[in-house]
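In what follows, a single structure is set out as structure tokens and then discussed.
Just follow the structure's listing: the first ligand is 1, and inside any ligand the first atom is 1. Everything quoted here is computed from the prediction, not taken from an experiment.
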Amino acid sequence: MPETSKMKKPDVKVVLLGDMNVGKTSLLHRYTERKFKDTISTVGGAFFLKQWGPYNISIWDTAGREQFHGLGSMYCRGAAAIILTYDVTNWQSLAELEERFLSLTDTANHDCIYAVVGNKADLTDPTAQQSQDTDGVSEDQTECEEDRTEPEVLSASLTSPASPKQVTHEDAMALYGRILRYKGLEEKSSLPAEKMCFETSAKTGYNVDTLFETLFDLVLPSILRKRNENQESPTVDLEECRGGSSKRARSSCC
Ligand SMILES: Nc1nc2c(ncn2[C@@H]2O[C@H](COP(=O)(O)OP(=O)(O)OP(=O)(O)O)[C@@H](O)[C@H]2O)c(=O)[nH]1
Ligand SMILES: [Mg+2]
């Protein structure tokens, strides 16, 4: 049987967008491999197929570098959820979301869900400096150079934030409000900013599962509607789907 015939068809698409260096690839690594690894700046884009209950979700990692900007709207085409990522220590990375990336989402589904995500929270928030990985992979199994810091330097960085926080949670929530307005959506009939603005750390795992799994649950109605439209699955057991979601299923990355 040829390899291509075994490939699962994604039911829905989730896209990571944001400036270079904010940590999009690291977030995807953390979620899918439970590791914080060395990265190289992404070229073009790559996707990971995640099995979520009975569904297949493709998570697209895109390049933040300006030279790949033109590809962004292509990656967003038909997206059910878009993760607009910034770096909490870099105000410009939040501004870029509005100036450069928001217009790329015009090709997403009309009912696309938006999350505004401030990554690198470990640099500013002592709570985020604690490892939150729940799969039993300890932080000393991570592979990033930053983790090879001398022990005394590391313990100092655990007690005092290394960089000042440039972007507050309120700034991110205000951006979320402007995104809704850009999309012509009413705030009161949309998902609230408190639920859709996250601060994460790909380095420690802080909030990373919560981010992805909140979005997966929120895109389920979109999957069900698409399936019903295609009349492939007239009845779907939501309970079964939620029950199966806690089981992590991995697929290959390309
Ligand atoms: N302290 C800290 N560093 C991080 C975190 N996430 C990523 N980094 C570092 O930030 C740098 C950029 O991370 P990437 O994941 O490659 O960033 P990206 O957004 O994918 O960048 P492009 O592919 O160029 O768009 C790397 O040096 C990472 O090790 C984090 O949560 N905390
Ligand atoms: Mg990348």
* Asked: Taking non-hydrogen atoms only, is Val22 closer than 4.0 angstrom to ligand 1 via side chain, backbone, both or neither?
  -> both

* **Identified side-chain hydrogen bond (donor to acceptor under 3.5 Å, both in side chains) counterpart of Thr200 within the set Asn119, Asp209, Asp122, Thr210** => Asn119

* To do: Measure from the Mg ion (ligand 2) to each N, O or S atom of Thr25 and report whether any distance is below 2.8 Å.
  => yes

* Return a yes/no value for Ala202: is any of its N or O atoms, backbone included, closer than 3.5 angstrom to an N or O of ligand 1? => yes

* Does the shortest distance from the Mg ion (ligand 2) to an N/O/S atom of Thr42 fall below 2.8 Å? -> yes

* Structure fact -> Numbered in order shown, the ligand 1 atoms found under 4.0 Å of a heavy atom of Thr42 are 22 (P), 23 (O), 24 (O)

* Distance-only donor-acceptor check, side chains Thr168 and Asp171, under 3.5 Å -> yes

* Give the atoms of ligand 1, by number and element, whose distance to some non-hydrogen atom of Ser26 is under 4.0 Å. => 6 (N), 7 (C), 13 (O), 14 (P), 15 (O), 28 (C)

* Structure fact -> In this structure, CG of Leu123 is separated from CD of Gln129 (nearest 0.5 Å) by 8.0 Å

* **Identity of the nearest option to atom 18 (P) of ligand 1, non-hydrogen atoms only, from Lys120, Arg30, Glu199, Lys24** => Lys24

* Donor-acceptor side-chain pairing of Thr42 and Thr25 below 3.5 angstrom -> yes

* Keeping the roles fixed (side chain from Ser93, backbone from Asp87), state whether a donor-acceptor pair exists under 3.5 Å. => yes

* To do: Select the closest option to atom 24 (O) of ligand 1 among Ser41, Gly45, Gly44, judged by heavy-atom distance.
  => Ser41

* Pull out every atom of ligand 1 sitting under 4.0 Å from any heavy atom of Met20, numbered as shown with elements. => 21 (O), 22 (P), 24 (O), 25 (O)

* Option from Glu194, Glu187, Lys195 for which side-chain contact (heavy atoms from CB on, under 4.5 Å) with Leu191 holds -> Lys195

* To do: May I ask you to check if ligand 1 and Gly23 share an N or O to N or O distance below 3.5 Å?
  => yes

* Is there at least one pair of N or O atoms, one from Asn21 and one from ligand 1, spaced under 3.5 Å apart? -> yes

* Give the numbers and elements of all ligand 1 atoms closer than 4.0 Å to a heavy atom of Leu123. => 1 (N)

* Evaluate the ring planes of Tyr31 and Phe212, with Trp represented by its six-membered ring, and classify them as parallel (under 30°), tilted (30 to 60°) or perpendicular (over 60°). => parallel

* Asked: How far does CG of Leu27 sit from CD1 of Ile83, to the nearest 0.5 angstrom?
  -> 7.5 Å

* Within the structure, does Phe36 bring an N/O atom to less than 3.5 angstrom of an N/O atom in ligand 1? -> no

* Between Lys120 and Val22, which heavy-atom pair has the shortest distance, and what is it? -> CE-O, 3.8 Å

* Backbone N/O of Tyr75 and side chain of Lys13: donor-acceptor pair under 3.5 Å -> yes

* Does any N or O atom in Arg65 lie less than 3.5 angstrom from one in ligand 1, N or O only? -> no

* Structure fact -> To atom 20 (O) of ligand 1, the nearest of Thr25, Asp122, Leu17 on a heavy-atom basis is Thr25

